[in-house]
Amino acid sequence: MSLAPGAPAAGVEGCVPEALRVDDLHAYYGESFVLQGVTLSVKAGSIGVVLGRNGVGKTTLMRSIMGLTPSRRGMVVISGRDVSTWAAHQRWVTGLALVPQGRRIFPSLTVREHLEIGLRAPRGQREAHWSVEAVFDTFPRLRERAGNRAATLSGGERQMLAVGRALCANPDLLLMDEPTEGLSPFIVDELTRLIATLKGQGVSILLVEQNLDFALGVADWVHVMEKGRIVHQCAPLALLADEAVKRRYLGL
Amino acid sequence: MSFWIVNTLNGLSLAMVLFVLSAGLTLVFGLMQIINMAHGSFYLLGGYIALSVIQASGSFIAGLVTACVAVMLLGAGIQRLMLQRLHKQELPQSLLTLGLLFIIADVAFWLWGGNAQLVPKPAMLEGAMTILGVGYPVYRVAIIGMGLFVAVLLWLLLERTRVGALVRAGMDDEEMVRAMGINIPLIFTGMFAFGAGLAALGGVLGGPLLGMFPGADFEVALLAFVVVTVGGLGSVRGAFLGSLLVGLVDNFGAAWFPQFSLFTVIVPMVIVLAIRPTGLAGRA
Ligand SMILES: Nc1ncnc2c1ncn2[C@@H]1O[C@H](COP(=O)(O)OP(=O)(O)OP(=O)(O)O)[C@@H](O)[C@H]1O
Ligand SMILES: [Mg+2]
């Protein structure tokens, strides 16, 4: 089910609203041409996964959707709103939140402060699923460390905090960049359950992953990235069976 | 014995003026990486504006408030209209503030002339008191109190308020703060204005002690740069420790080796940096 040239982005039913549509996105770091026309979409309430080798531009894609790396061409549309020209700090209004690669917690803030400064009311009629207490209920370890500075947290605790911080925004569209990097299998299982919970709440997710088992376990749709483009997309089961694609683009 | 008491108190009162001045410099640097060459100019303007207002109104408090508010507004304008366009471009930002240093120095010379002038002390803090059997000016003791008060206030602001948490987060990882939907340009403007206001407060408090004159901007800025370098860029605690060190060393140095004035301040700086390159309390 590889993408034919000129086929519609998602290759799925057109009637379901899109939480995210990225259209022909181009981005550079200085002169280096990193996103070379990325096109993909995530249906509302679904989980899209981006796979690809190191350095193909997955993080840059997330940064561009967030508005941190400016795009020189193309469009980012979130829940029907074209945010391409919006500054990063304005994009949360669409319900966008980011769990960045490498956690990027604030060492000098306490655990509780991370959650408090991230707190946002949900948009429109949606239910407020997340609060500081709700994050503590999901990650009891964080409650124990509520008053500690994040600099003192372990790697796993930092990842829980990075996820909890994003959840406090009560997001409609969550970007997660390699959340399982360096985590123990136990915490990876916890993340799998959390993603199922979020999906139940109607949150749409775009997930970048290297951990194939985890990614395919939660994905509704898989996008394979190579040299700044989406070169293949399919259902997760189809990818498992497709040895040629796995070898060529994922080095497996 | 009285030599030790007087020089220690002199050192502490100078240290507190330096702390109020340097706190703004180090916070602005820590958050926005701006090396503000014009920080001493805000000090000078604060002192001069207070001087004029006190002469006109007879009220020290009126002078203090007017000076701080006026310089804060000036700082906000400079950040909004000029520095914000040069976000993250450290060299152009430094050159711009260096230009402002010269412009403000000329304007101040034109408005207030070339003679050294002491800012009048508040009437209630005139005269001397006895400390451990030694007569000592009340105003200098009051400055030590004010400096400690500002230190506690800054600590509370930074560690116990939401805005303080946002500022610390911005120092740690500005991009992440933006991704969280926080209006960081507004925080930058606010912080630059606040830093300018602290410098002005330093000028008002230090004015009755050190006087205002052409070149005072440069002189105190140099000491403030030593303070934040010794203390560690971006750290208010560091600015406090650095101010104590520089204030005390400067006083005892001047008492013992009057011929080496600035040298006695630079030597401890070099020693501290040789042992701890990030300063006494620097962020790694
Ligand atoms: N700040 C930067 N400046 C210049 N080049 C960069 C910068 N960040 C990334 N790059 C380059 O851009 C390309 C894409 O990087 P990106 O981080 O998006 O890849 P990635 O797919 O997320 O990789 P990984 O799997 O290792 O996280 C790489 O070649 C990288 O070296
Ligand atoms: Mg990456």
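Each chain gets a letter, A, B and so on, in the order its sequence line appears, and its residues count up from 1.
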Is it the case that over 12 heavy atoms from other parts of the model lie below 6.0 angstrom from the CZ atom of A:Phe33? yes

Can you tell which of A:His89, A:Arg63, A:Arg165 has the highest number of heavy-atom pairs within less than 4.5 Å of chain B? A:His89

Quick check on A:Tyr29: does its OH atom have over 12 non-hydrogen neighbours (other residues, nucleotides or ligands) under 6.0 Å away? yes

In Å, rounded to the nearest 0.5 Å, how long is the span from CD1 of A:Ile105 to CE of B:Met176? 11.0 Å

Among A:Pro107, A:Ala169, A:Ala88, A:Ala166, which has the most heavy-atom pairs under 4.5 Å with chain B? A:Pro107

How about CZ on A:Arg126, more than 12 heavy atoms from neighbouring residues, nucleotides or ligands closer than 6.0 Å, or not? yes

Is it true that a side-chain atom of B:Arg168 and a backbone atom of A:Ser108 form a donor plus acceptor pair closer than 3.5 Å? yes

For residues 109-119 of chain A, give me every residue with a non-hydrogen atom less than 4.5 Å from any non-hydrogen atom of chain B. A:Leu109, A:Glu113, A:His114, A:Glu116, A:Ile117, A:Gly118

Using a cut-off of under 4.5 Å on heavy-atom pairs, state which of B:Ala165, B:Pro185, B:Ala169, B:Gly170 scores highest against chain A. B:Ala169

One should read off an interatomic distance between A:Trp92 CH2 and B:Asn183 CG, to the nearest 0.5 angstrom, of 11.0 Å

Applying side-chain hydrogen bond (donor to acceptor under 3.5 Å, both in side chains) to A:Arg91 and not counting sequence neighbours gives none

Taking every non-hydrogen atom, the tightest pair across B:Met180 and A:Arg120: O-NH2, 3.2 Å

If we define contacts as heavy-atom pairs under 4.5 Å, which of A:Leu68, A:Leu98, A:Leu96 has the most with chain B? A:Leu68

Could you tell me whether the side chain of A:Arg104 and the main chain of B:Glu175 form a donor-acceptor pair under 3.5 Å? no

